[in-house]
Number of protein chains: 2
Amino acid sequence: MPGNRRTARNLDLLMTVAWENDSVVLIDQTKLPNKLSYVRCKDYNEVAAAIRKLVVRGAPAIGVTAAFGLALAASKSKAKTLEELHAELDSAFEVLRSTRPTAINLFWALDRVMSKARQSKSIQQAKQSVLEEALKMAEEDIDINRQMGSNGSKLLQDGDIVLTHCNAGSLATVAYGTALGVIRSARENGKRISVIATETRPVMQGSRLTAFELQHDGVDVSLIPDTAVGHMMASGRIKHVIVGADRVLRTGHVFNKIGTYQVAILANRHKVPFYVAAPLSTFDLKSDPESVIIEERPVDEVIRVGKKRVAPRGVRIFNPAFDMTPPELITGIITEKGVLKPPFEKSLKKVLNQTTR
Amino acid sequence: MPGNRRTARNLDLLMTVAWENDSVVLIDQTKLPNKLSYVRCKDYNEVAAAIRKLVVRGAPAIGVTAAFGLALAASKSKAKTLEELHAELDSAFEVLRSTRPTAINLFWALDRVMSKARQSKSIQQAKQSVLEEALKMAEEDIDINRQMGSNGSKLLQDGDIVLTHCNAGSLATVAYGTALGVIRSARENGKRISVIATETRPVMQGSRLTAFELQHDGVDVSLIPDTAVGHMMASGRIKHVIVGADRVLRTGHVFNKIGTYQVAILANRHKVPFYVAAPLSTFDLKSDPESVIIEERPVDEVIRVGKKRVAPRGVRIFNPAFDMTPPELITGIITEKGVLKPPFEKSLKKVLNQTTR
């Protein structure tokens with residue numbers, strides 16, 4: 001059995017994405033919080049469908065899952081020539097790439113695995129290197145999260161109450177979490193931290209996933225409707241906001257779950273520091289704010305909760321999955337290489353230069 | 001059949017509260033948007049239960065419903081003396097008064113009806129004057145809403161998009177609405193107005209009620225999750241925000257549905273005018289901001305939607321029903337006596353002096 005599942009088990013964390021017996025095993029997040037169950041994907045089309053249906057979500061988790069999707073395409077291939085294998089991987093790449101348009105980690109992960117395939121000299125080597133790279137990325141994801149956690153945890157004091165939006169935890173990564181990794185790390189350092197989770201309509205990643213995983217790990221967590229964020233901040237009890245990111249531009253513009261932008265405005269008004277926890281794989285150094293596609297999700301996410309219809313038939317609905325938070329609302333960006341401070345273009349450049357040296 | 005039902009039928013509007021054949025007939029708002037059905041209350045305890053369970057909600061609607069509750073207590077009374085009747089009405093008053101703590105119209109309406117009962121010289125006169133006063137209040141509510149609508153509609157231009165939060169429409173009043181009354185009036189004056197309704201978690205008055213009633217009346221309406229307000233405002237398409245109020249203090253502090261405060265902050269940041277539509281019966285000239293009780297609602301509103309559980313068992317939940325918007329975030333307060341501008345203490349005093357003269 002490959003390493004990443006074992007590692008996470010040693011950490012006693014939820015294991016969101018794992019490679020096991022030539023298949024990709026995912027926690028079925030659509031069933032949470034009512035049932036902790038797993039989906040086993042045996043080919044890359046099943047992986048693509050799982051990403052599309054939000055069985056797995058969260059930028060880093062999507063990246064690793066897609067990488068494993070390519071590994072499945074490689075391992076199941078009956079290609080007779082290296083060219084044929086490359087063509088099959090190209091098809092799988094296109095299918096996986098088209099699942100979600102906003103999270104950059106998806107493209108980053110697929111590109112990284114594909115370049116390994118292209119460097120290979122034989123079918124056998126290609127199959128092996130694709131799987132090895134995907135497994136390596138899963139391991140790295142945990143290490144990077146732990147490093148981000150360690151960097152971010154220094155910002156928190158014993159007794160702090162932290163508000164988070166959506167889910168940037170175990171369930172958004174391979175196992176440790178980005179924003180919630182910071183909370184985990186602070187707790188490992190002996191600090192008592194309480195978390196306030198927003199529900200995060202419409203898909204309710206806050207109530208279904210963040211509340212679930214923090215409760216699972218014994219973290220003190222309270223849930224509030226998205227409408228209560230301003231009221232809670234006015235009470236003066238919230239000391240920090242920490243969220244994840246689906247894409248961060250070189251200018252520090254952050255694309256993340258719909259509602260992040262307004263939480264940032266509310267934090268700004270109440271003088272609450274607003275942090276984004278994002279590994280460097282989440283950075284998009286090329287795009288401008290206007291060119292990033294914001295995914296519009298199906299209206300059914302808003303019309304129904306379970307089987308219950310909560311909106312009238314035929315009403316027009318806007319359901320954007322993400323929004324953009326401008327850098328002037330962001331106190332710092334927590335990465336595995338340290339906490340970037342504004343101006344982000346400059347602090348990011350510094351970190352990237354260090355990384356490549 | 002008394003007048004208020006007929007009047008509303010002539011207007012071709014939903015009739016939220018009506019007196020019919022010695023009972024109070026309410027639209028069962030807990031069944032919307034799936035089913036337009038009515039609840040018939042035959043005694044004041046049934047009325048109190050309906051208010052508590054949100055069969056009827058919205059400050060003006062609660063006020064009139066409670067007044068009809070007292071009328072039921074009077075009409076069903078078998079008291080042999082005027083003293084006995086007053087004692088029975090006092091009991092009903094206490095039960096009705098304790099149903100919801102934040103909306104001021106409830107107390108205002110009950111006090112108004114009780115003073116009629118106390119002025120009466122005979123049982124027969126008391127029973128009659130209590131019912132007459134309640135019916136008068138229902139008629140007045142429609143007239144006042146129409147006057148507010150007329151005053152507020154001058155703020156809107158043909159083609160404007162207006163965002164509203166929660167439901168301050170037909171379903172929050174007897175028939176015409178406060179915030180949505182302004183939209184109705186603008187449309188009656190030939191202006192094309194589009195409305196963006198927020199879902200308004202946790203009870204979803206926006207999706208269940210506002211979207212339903214505007215669709216019912218043929219108004220162009222779009223629904224967005226509460227998390228998408230900031231993103232929509234950043235698009236620059238929203239020209240005004242208009243909301244209702246459960247209580248307005250003499251200082252201009254507005255208590256309204258949870259989430260109103262943050263919508264006001266977002267409007268302020270995006271330079272979108274933020275208006276509150278509130279009849280003078282919603283004003284509380286005595287209380288200070290700190291002394292108003294903000295109702296905490298049952299956690300089940302957040303844990304479940306219909307039968308579906310959306311949060312893990314045992315998670316701590318904060319579920320405040322209202323929040324407070326400070327006057328510095330409010331562009332104007334639309335009343336039946338005109339649109340109050342800041343400073344509100346001064347503009348309110350002027351209007352009240354005109355009223356009593």
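Just so it is clear: chains get the letters A, B, ... in the order the sequence lines come, proteins before strands, and each one is counted from 1.
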Among Ala211(A), Pro312(A), Gly259(A), who wins on heavy-atom pairs under 4.5 Å with chain B?
Pro312(A)
Under 4.5 Å, heavy atom to heavy atom: which of residues 163-172 of chain B reach chain A? Give them by number, or say none.
His165(B)
Taking every heavy-atom pair that is under 4.5 Å apart, which of Ile258(B), Ile317(B), Asp323(B) has the most such pairs with chain A?
Ile258(B)
Residue Phe318(B) versus chain A: region with a heavy atom under 4.5 Å:
both
When the 4.5 angstrom heavy-atom criterion is applied to Met233(A) and chain B, the contacting part is neither
Tell me whether the count of non-hydrogen atoms from other residues, nucleotides or ligands lying under 6.0 Å of CG in Leu36(A) goes above 12.
yes
Under 4.5 Å, heavy atom to heavy atom, which residues of residues 296-304 of chain A contact chain B?
Val302(A)
Contacts with chain A made by residues 222-231 of chain B (heavy-atom distance under 4.5 Å), listed by residue number
Ser222(B), Leu223(B), Ile224(B), Pro225(B), Asp226(B), Thr227(B), Ala228(B), Val229(B), Gly230(B), His231(B)
Donor-acceptor pair, Asp28(B) side chain versus Val39(B) backbone, under 3.5 Å?
no
Okay, side chain of Lys191(A), backbone of Leu156(A): is any donor-acceptor separation there less than 3.5 Å?
yes
What part of Arg269(B) gets closer than 4.5 Å to chain A, counting heavy atoms only: side chain, backbone, both or neither?
side chain
Tell me, out of Ile265(A), Leu32(A), Leu214(A), Thr198(A), who's got the most heavy-atom pairs with chain B below 4.5 Å.
Ile265(A)
Using modelled atom types only, decide if a donor and an acceptor are shared between the side chain of Gln29(A) and the backbone of Gln205(A) within a distance under 3.5 Å.
no
Leu209(B) versus chain A, the contacting section by heavy-atom distance below 4.5 Å:
neither
Less than 4.0 Å between a side-chain N and a carboxylate O, is that true for Asp220(A) and Arg192(A)?
no
Neighbourhood of chain B inside residues 235-243 of chain A, taking heavy atoms under 4.5 Å as contact:
Arg237(A)
